[in-house]
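Since the structure is predicted, the reported quantities are computational estimates derived from the model, not experimental observations.
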Protein chains: 2
Amino acid sequence: MRPNQPSLTPAGEVKRAQPPTLRDVAEAAGVHAATASRALNPSTRRLVSAETARRVIKAAKTLGYQPNPIARSLKTAKSSTVGLVIPDLTNPLFPPIVRGIEDVLEAEGFSAWIVNTDNDPERERARIDSLRSRQVEGLIIATARVDHPFLEALHEQGVKMVLVNRRVENLEVPCVTADDATGIALAVRHLAELGHRRIAHLAGPHSTSTGVVRSRAFRHAIRDHGLEDDPSLTVECAHWNEADGATAMRELLDRDNRFTAVVAGNDLIALGCYDVFAERGISCPDEMSVVGFNDMPFIDKLRPPLTTVGVPHHDIGAEAARMLLDCIEEPDRRPRSLLLPVTLVVRDSTAPPSARPSS
Amino acid sequence: MRPNQPSLTPAGEVKRAQPPTLRDVAEAAGVHAATASRALNPSTRRLVSAETARRVIKAAKTLGYQPNPIARSLKTAKSSTVGLVIPDLTNPLFPPIVRGIEDVLEAEGFSAWIVNTDNDPERERARIDSLRSRQVEGLIIATARVDHPFLEALHEQGVKMVLVNRRVENLEVPCVTADDATGIALAVRHLAELGHRRIAHLAGPHSTSTGVVRSRAFRHAIRDHGLEDDPSLTVECAHWNEADGATAMRELLDRDNRFTAVVAGNDLIALGCYDVFAERGISCPDEMSVVGFNDMPFIDKLRPPLTTVGVPHHDIGAEAARMLLDCIEEPDRRPRSLLLPVTLVVRDSTAPPSARPSS
DNA sequence: TTGTAGGCGTTATCAA
DNA sequence: TTGATAACGCCTACAA
């Protein structure tokens, strides 16, 4: 017999009460455990009499019964759990997405395991393996690269997943992304309307779909507005971060191009531009306009406040979670993809080009 | 018999191979499951012959065996899991702490469940209940208030926990915090050395130990430097955020105090000051110096870059995780508290007081 | 409508 | 040193 009240061990210390189990509830209600299980489970409750159900539920409440999700998982092979694979939680892009995901999951009784890959494929493998061993029912992945054989392999194995922010070529998996192309188009139009003619692009890495899509959209937009379409005005950054943004900006300036505005692949790359402006005494927006992408928190507090493309990160997370839950519930549903609308947020980093003598 | 190779169901679809279980490994190695278990488990490996262990381990590797942590948890009543209770993941303070925690947990085979309370006691209760039902072995709590009966109750119930950033009065629980008092002392000394005599303090909420400790340290430091010790120079913010920082700053200015510098309770409150400066055309640091606390990411990119107290957030997380693991391993160890060293990071938001006519 | 029995995958306690 | 057995808490055919 397992003690359910604090009791004394031979040594005399107080032993903690174990949490009540289903059997304790059943006993208290004077029914069998199976009956109690049915009564407590909304989907099987119709199998027991209303009176019995009432008694069981009351007993459960009295005892403070909480079902043991571990035992339940072992039996049902479901964990009510999903994995969340992101590069790095300290990148301010991700927390709002994570909150969006959790808000939806929580409402459905699911929880998320968050893992950071630091963009290391080895680490990604290991962390995803660990998630799988914990029986997650699906994955939300924010680390996808254009060519990502590991994700393809997972998909082959029937692992349910949803991609956020990114896509993988030739992979039939649901995605939720911002409308990158429109965002870039808005940025270019804004600069064109201010009077800029030579606009540069600091592209994100082309190993990511986001980098590719934004780059392509940039070229399109430039042509659409009849602006100078000079390939040397685009530099690809090695990573989506400040340091590589700064490097790319330096390269661009060293080419001695007479551009007056930059569309940065994202806000962090734009931050790198700011660093280079400080280094070289370039004044923004007087001498150079910059547009970012994402509208990260606090980016409006910069010097100068950054004009950028606003992305509904919370919604991206929420939609992705909803999609994954859909996949889990109806495994045969066809993968949909969602493109969420973006907005241009004009601040002080963009202005008409100065009349300064161009070199 | 459970099929371990993909097989055909009556309907003809391919059935996914189940992941191999311990029994599969045992069978492949020609031993009993119990033996395989012992061989695979480092702590019991000495109970089997070296030869058997080798065979089992090899078989496990060949089959790609991954122990099922759910089954293991059910048996051992341990989940290798801890709960992480924070107010809001989108507050940039927390991601580095979380990473520090995860880095340590991961090395020990533990994982963390993160929950956000949004500083809502009701929600905190619910989320912690849910963590407990998931059998977490302990909690790391970043939401503690000075008076926090719920945490006391948990402690009474024997729930293992470690507090980060905060303390609870009369609660004998291990804590990991930054050395707030020293940080504030450094800030005040820096301002005093610049020549400021009337220094204000925008205190964090006194419902949090951090708010109390920093406030008290401020008064001490002011007296130590023989500066003007005027209680009306301190305003308490309702929350640790921008909006309430701005409100408090407006109140301070409206009192028409002739202070020339502000020690903000944290960086977000300092951000609120920046907003008010913009509103009222006050130039920082020329007319007003500000010091923040925490050295949040990107705070160096503000206009002007913020002078602040640098806090080792990653270390705070790492130490807290280590402490919790210690508590889990040796339940009887006495609670220790750790005070981590801080540094003053001088940037451009502080300067000598101007010679402008005071009022 | 309710009870019985068996098992999810693992580990602990026996006995051999 | 290994094997047999039972049990962790829950769910679900099946039988009553």
Item checked: Gap between atoms NE2 and C1', on His32(B) and dT11(C) respectively (whole Å) -> 12 Å
Check: Salt bridge or not for Arg125(B) and Glu122(B), using N-O below 4.0 Å?
Finding: no
Next item on the list: Could you pick out which residue, Arg46(B) or Ala33(A), lies toward the 5' side of DNA chain D when each is mapped onto its nearest nucleotide?
Entry: Arg46(B)
Item checked: Whole-Å gap separating P (dT5(D)) and CZ (Arg23(B)) -> 12 Å
Check: Base, sugar-phosphate, or nothing: which does Leu47(B) touch, judged by heavy atoms less than 4.0 Å apart?
Finding: base
Item checked: Spacing between Ile70(B) atom CD1 and dC10(D) atom P, to the nearest angstrom -> 14 Å
Check: Which listed nucleotide (dT2(C), dC11(D), dG9(C)) is nearest to the side chain of Val48(A)?
Finding: dT2(C)
Checklist line | Side chain of Ala34(A) - closest among dT10(C), dC10(D), dA5(C) | finding: dA5(C)
Next item on the list: Using a heavy-atom cut-off of under 4.0 Å over every strand shown, decide if Thr52(B) touches base, sugar-phosphate, or nothing.
Entry: sugar-phosphate
Margin query: Can you measure Gln66(A) atom CD to dC10(D) atom P for me and round it to whole angstrom units?
Written below: 11 Å
Notebook entry, point to check: Charged N to carboxylate O below 4.0 Å: is that the case for Glu106(A) and Arg123(B)?
Noted result: yes
Notebook entry, point to check: Do Glu27(B) and Arg23(B) sit within salt-bridge range, that is, some charged N less than 4.0 Å from a carboxylate O?
Noted result: no
Check: Are Thr76(B) and dT11(C) close enough that a side-chain N or O sits under 4.0 Å from OP1 or OP2?
Finding: no
Next item on the list: Look at the side-chain N and O atoms of Asn68(B) and state whether any lies under 4.0 Å from the OP1 or OP2 oxygen of dC8(C).
Entry: no
Checklist line | Between dG7(C) (C1') and Leu74(B) (CG): distance, integer Å | finding: 12 Å
Note to self: With a cut-off of less than 4.0 Å, is there a side-chain N or O of Ser49(B) near OP1 or OP2 of dT2(D)?
What the structure shows: yes
Check: CG of Leu63(B) versus P of dG9(C): gap in Å, rounded?
Finding: 14 Å
Next item on the list: Would you kindly say whether Asn116(B) and Glu102(A) are connected by a side-chain donor-acceptor distance under 3.5 Å?
Entry: yes
Checklist line | Any Ser37(B) side-chain N or O less than 4.0 Å from OP1/OP2 of dG9(C) | finding: no
Check: Just to confirm, is there a sub-4.0 Å distance from OP1 or OP2 of dG9(C) to any side-chain nitrogen or oxygen of Arg72(B)?
Finding: no
Next item on the list: In whole angstrom, give the distance that lies between atom CZ of Arg54(B) and atom P of dT2(D).
Entry: 13 Å
Next item on the list: Rounded to the nearest angstrom, tell me the gap between atom NZ in Lys75(A) and atom P in dG6(C).
Entry: 12 Å
Check: Closest to the Arg38(B) side chain: dT1(D), dT12(D), dT13(C)?
Finding: dT13(C)
Item checked: Carboxylate-amine/guanidinium proximity below 4.0 Å for Arg99(A) and Asp118(B) -> yes
